[in-house]
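Just so it is clear, the values below take in all heavy atoms, side chains as well, and ignore hydrogens, waters and symmetry mates.
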Amino acid sequence: MLKIFLIVTLLLTCFSATALAAKSEIYEYTSKAFGYKIVCPVKPLVKVDTKNKRELLVFASRNGEVSFGYQVTFDAFDNKTTPDFNKASEKTLNEYLDKFRAENIYEYVGVNQITKDIKGVMLINAKEIEVKGDSGEVEGVLTANVQRVFTFFRTKSKRCVSVELIIDDLDEEDLMNFRKSLTTFKDK
């Protein structure tokens, strides 16, 4: 019995070490279509959509659906109507962010430091959204199948970029790793 326990323990330890090593693999992706680089958790399967100026970097999928990936979009927001997050006053930024907060579909809305010189806005959609009727009373709750983290910013070359994290079960480690990937984003 002790022999079986030791073998099972050894196998579980090996499996855990292998899973940890696989999770910590990194890959620097260079986009030929849009001229940017970003460090990814693993080598992605890439789907390019030049018409909509975006790429989908797929790290994992289930039943044909993306369960873990990044979507990188260029010309993602209007340069004229969106404040420059790097130069705008705190008052201007708060007024801009209040528009997203008012929608009530985000769990998190805030300005985040992407790199030393670049700030961006990060939005995390809520896992559960209350549905209110005409009277203002809660009539039900919708549960999102997938949580998404939206981050948009201007690059050093002034391109308006959005990088979106698509993941089935968002946790703190996923968010931390996504933020680390964002710090490696390099434009043309």
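- How far OG1 of Thr92 is from CG of Asp84: 11.0 Å, rounded to the nearest 0.5 Å.
- Taking the side chain as every heavy atom from C-beta outward, Tyr27 and Val42 never approach each other to under 4.5 Å.
- Applying the ring pair (Phe, Tyr, Trp, His ring centres under 6.0 Å) definition to pairs two or more places apart or across chains, none involves residues 117-147.
- Taking CD of Gln113 as the start and CZ of Arg179 as the end, the distance is 11.5 Å to the nearest 0.5 Å.
- Taking OH of Tyr108 as the reference point, atom CG of Leu123 lies at 9.0 Å (rounded to 0.5 Å).
- Summarising the geometry, atom OG belonging to Ser162 is positioned 7.5 Å from atom CZ belonging to Phe150; distances are rounded to the nearest 0.5 Å.
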Going through the distances and angles, do Met122 and Leu175 end up as a side-chain contact (heavy atoms from CB on, under 4.5 Å)? CA-CA 11 Å; Met122 181 176 279; Leu175 190 55; 4.2 Å; yes
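- Within the structure, ring pair (Phe, Tyr, Trp, His ring centres under 6.0 Å) contacts touching residues 155-188 (residues at least two apart or in different chains) are Tyr36-Phe185, Tyr70-Phe178, Phe153-Phe185.
- Phe68 contributes atom CZ, which lies 10.5 Å from atom CG of Leu170 (distance to the nearest 0.5 angstrom).
- Under a 3.5 Å cut-off, the side chain of Asp171 and the backbone N or O of Glu173 do form a donor-acceptor pair.
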Check step by step if side-chain contact (heavy atoms from CB on, under 4.5 Å) holds for Asn94 and Arg101. CA-CA 10 Å; Asn94 280 329; Arg101 291 181 184 119; 4.3 Å; yes
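- When the shell of 6.0 Å around NZ of Lys186 is examined, it contains 12 or fewer heavy atoms from other residues, nucleotides or ligands.
- Judged as a salt bridge (charged side-chain N to carboxylate O under 4.0 Å, His left out), the pairs with a partner in residues 141-162 (not counting sequence neighbours) are, in order, Asp117-Lys156, Arg148-Glu164, Arg159-Asp187.
- For the salt bridge (charged side-chain N to carboxylate O under 4.0 Å, His left out) condition, no pair includes a residue of residues 26-35, sequence neighbours left out.
- Atom CD of Glu172 is surrounded by 12 or fewer heavy atoms from other residues, nucleotides or ligands within 6.0 Å.
- Of the possible polar contacts, none joining the Thr73 side chain to the Ala76 backbone as a donor-acceptor pair under 3.5 Å is found.
- Between Phe85 and Phe77, the angle of the ring planes lies from 30° to 60°, which puts this pair in the tilted group.
- Nearest heavy atoms, Asp78 versus Thr82: O-OG1, 2.9 Å.
- Contact of the Val149 side chain with the Asp174 side chain is not registered, since no non-hydrogen atoms from C-beta on lie closer than 4.5 Å.
- For the atom pair CG of Asp98 and CG of Leu93, the computed distance is 10.5 Å after rounding to the nearest 0.5 Å.
- For Lys53, the salt bridge (charged side-chain N to carboxylate O under 4.0 Å, His left out) test picks out Asp75, with sequence neighbours left out.
- Glu55 places none of its side-chain heavy atoms less than 4.5 Å from the side chain of Ile38.
- A donor-acceptor pair under 3.5 Å is formed between the side chain of Asn86 and the backbone N or O of Lys119.
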Residue pair Val39, Tyr29: steps toward the side-chain contact (heavy atoms from CB on, under 4.5 Å) verdict: CA-CA 6 Å; Val39 172; Tyr29 172 70; over 6 Å; no
Distance-only criterion, 3.5 Å: show the donor-acceptor pairs between side-chain atoms of residues 56-66 and protein atoms not counting sequence neighbours.
residue: Arg62; atom: NH1; partner: Asp168; partner atom: OD2; Å: 2.8
residue: Arg62; atom: NH2; partner: Asp168; partner atom: OD2; Å: 3.0

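- Residues Phe34 and Val48 have side chains in contact (heavy-atom distance under 4.5 Å, counting atoms from C-beta outward).
- Closest heavy-atom contact between Leu182 and Ile114: O-CG2, 3.5 Å.
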